[in-house]
Amino acid sequence: MSFLTYRPEPGLLRPREKLRAHGPQGLSDLDLIQLLLGSGCRQVPLETLALQCRDLLDHHGPGLKTASLENIPGLGPAKAGQLSAALELARRLGRPAHLRVTGPADLVPRLLHWADRPQEIFLTVTLNGAQEVLDIRPVTVGLLNKTLIHPREVFAPALQERAASLILAHTHPSGSLEPSREDREATTRLCQAGKLLGVEVLDHLILTTTDYYSFRENGEVFL
């Protein structure tokens, strides 16, 4: 993995200062990871370690294994274990297993923190028969393309969890909420696959840092 060096712009608050000024809810995922790690090492600064940890989280989600974190140069087993334990505790305490989704407004607050990434992230939300959330997981990072979003990657976890339905979501770093042609083609393809597999696709959400677009709310359902 290549080293990406991050330096905060002059005048910007550092994570501990942000925490005092705005509370934990005012911190980005990157800020929170920096606070959990506490410090970097002689070879790798804290900001670089945090960036690489966040990249792994984007690809693997909260189920990220300690062994994967230990592969980050400069992190070490102690800090990898510390971060892994924090992720597991957050998963246990914050898992939205009893969140019942009656519409996008119930779910969007749980997803908006993904929207500050520089690349598009495609997510799936699996639901049980009562439309309660089973899990939220990232599937791909990068431009949404119907050939890159394979139904196997989307539906395999849903089938394993015996999910009754799922909701698709992806971020638009550009800030635009307008669905692209690729967005619509991918949605059509995945809805058709869900119908064949018996896992209904209830909606597809496009997310920005401040708002969302619902295919279903806008009459764009492809069943």
Side-chain angles (χ1 to χ4, degrees), residues 4 6 8-9 12-37 46-64 68-69 72 82-101 103-127 132-144 149 154 157 166-177 183 202-215:
L4 299 175
Y6 166 84
E9 296 179 19
L12 290 182
L13 294 178
R14 292 186 177 274
R16 285 193 180 89
E17 296 167 338
K18 286 185 184 179
L19 183 65
R20 288 193 294 268
H22 307 296
Q25 67 275 11
L27 274 64
S28 68
D29 290 356
L30 191 62
D31 293 329
L32 292 170
I33 293 171
Q34 288 186 53
L35 283 173
L36 286 170
L37 293 178
L46 172 61
E47 294 86 355
T48 302
L49 287 179
L51 270 174
Q52 294 183 75
C53 289
R54 193 189 72 174
D55 288 346
L56 276 178
L57 278 168
D58 284 349
H59 283 280
H60 298 284
L64 179 62
S68 298
L69 289 167
I72 295 177
Q82 181 178 328
L83 183 55
S84 182
L87 290 171
E88 176 61 17
L89 182 61
R91 186 189 69 82
R92 294 182 186 185
L93 296 178
R95 184 181 179 187
H98 302 295
L99 172 65
R100 187 169 186 271
V101 178
D106 298 325
L107 184 60
V108 167
R110 302 275 185 164
L111 303 177
L112 282 181
H113 70 281
W114 293 98
D116 65 352
R117 307 300 200 273
Q119 291 179 295
E120 289 189 10
I121 296 182
F122 185 85
L123 306 153
T124 59
V125 181
T126 49
L127 306 165
E132 294 173 335
V133 173
L134 296 173
D135 204 0
I136 299 171
R137 58 167 54 83
V139 178
T140 64
V141 178
L143 293 176
L144 179 61
I149 307 297
V154 172
L166 59 79
I167 293 172
L168 311 172
H170 78 279
T171 64
H172 271 190
S174 67
S176 170
L177 289 172
D183 293 341
L202 298 179
D203 203 349
H204 186 173
L205 306 175
I206 296 174
L207 306 167
T208 69
T209 55
T210 58
D211 209 349
Y212 74 91
Y213 178 94
S214 162
F215 276 62

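Residue Ile136 comes nearest to Arg110 through the heavy atom pair CD1-CB, 4.2 Å, listed as atom of the first residue, atom of the second, then distance. Pairing each heavy atom of Pro109 with each of Ala105, the nearest pair is CD-O, 3.3 Å. The two residues Leu207 and Ala169 make their nearest non-hydrogen contact at CD1-CB, 4.3 Å. Nearest heavy-atom pair across Pro138 and Ile121 is CB-CG2, 4.2 Å.
In this structure, Arg54 has no side-chain hydrogen bond (donor to acceptor under 3.5 Å, both in side chains) partners at least two apart in sequence or on a different chain. For the side-chain hydrogen bond (donor to acceptor under 3.5 Å, both in side chains) test, residues two or more places apart in sequence or in another chain that qualify with Asp29 are Arg117. Evaluation of the side chain to side chain contact (heavy atoms under 4.5 Å, CB included) rule for Leu177 yields Ile206, Thr208, Asp211, Tyr213 as partners, not counting sequence neighbours. With sequence neighbours left out, the side chain to side chain contact (heavy atoms under 4.5 Å, CB included) criterion links Pro173 to Glu120, Thr171. Evaluation of the side chain to side chain contact (heavy atoms under 4.5 Å, CB included) rule for Ser174 yields His172, Ser176 as partners, not counting sequence neighbours.
Between Leu123 and Val125, the closest side-chain pair of non-hydrogen atoms is not below 4.5 Å. With a 4.5 Å cut-off on side-chain heavy atoms, Thr126 and Val133 do not count as touching. Inter-residue side-chain proximity for Asp203 and Pro104 is flagged as met; some heavy-atom pair is nearer than 4.5 Å.
One distance of note links OG1 of Thr209 with CG of Asp116; it measures 8.0 Å at 0.5 Å rounding. Within the model, atoms CG of Leu49 and CG of Leu36 stand 13.0 Å from one another, a figure rounded to the nearest 0.5 Å. Of the inter-residue distances, the one linking Thr124 atom OG1 with Leu168 atom CG reads 7.5 Å to the nearest 0.5 angstrom. With values rounded to the nearest 0.5 angstrom, Leu107 atom CG is found 13.5 Å from Arg100 atom CZ. Interatomic distance, CG of Leu32 versus SG of Cys53, reported as 12.5 Å (0.5 Å rounding).
Classification of the Phe215-His204 ring pair by plane angle, with boundaries at 30° and 60°, yields parallel.
Under 3.5 Å, the side chains of His170 and Asp183 contain a donor-acceptor pair of N or O atoms.
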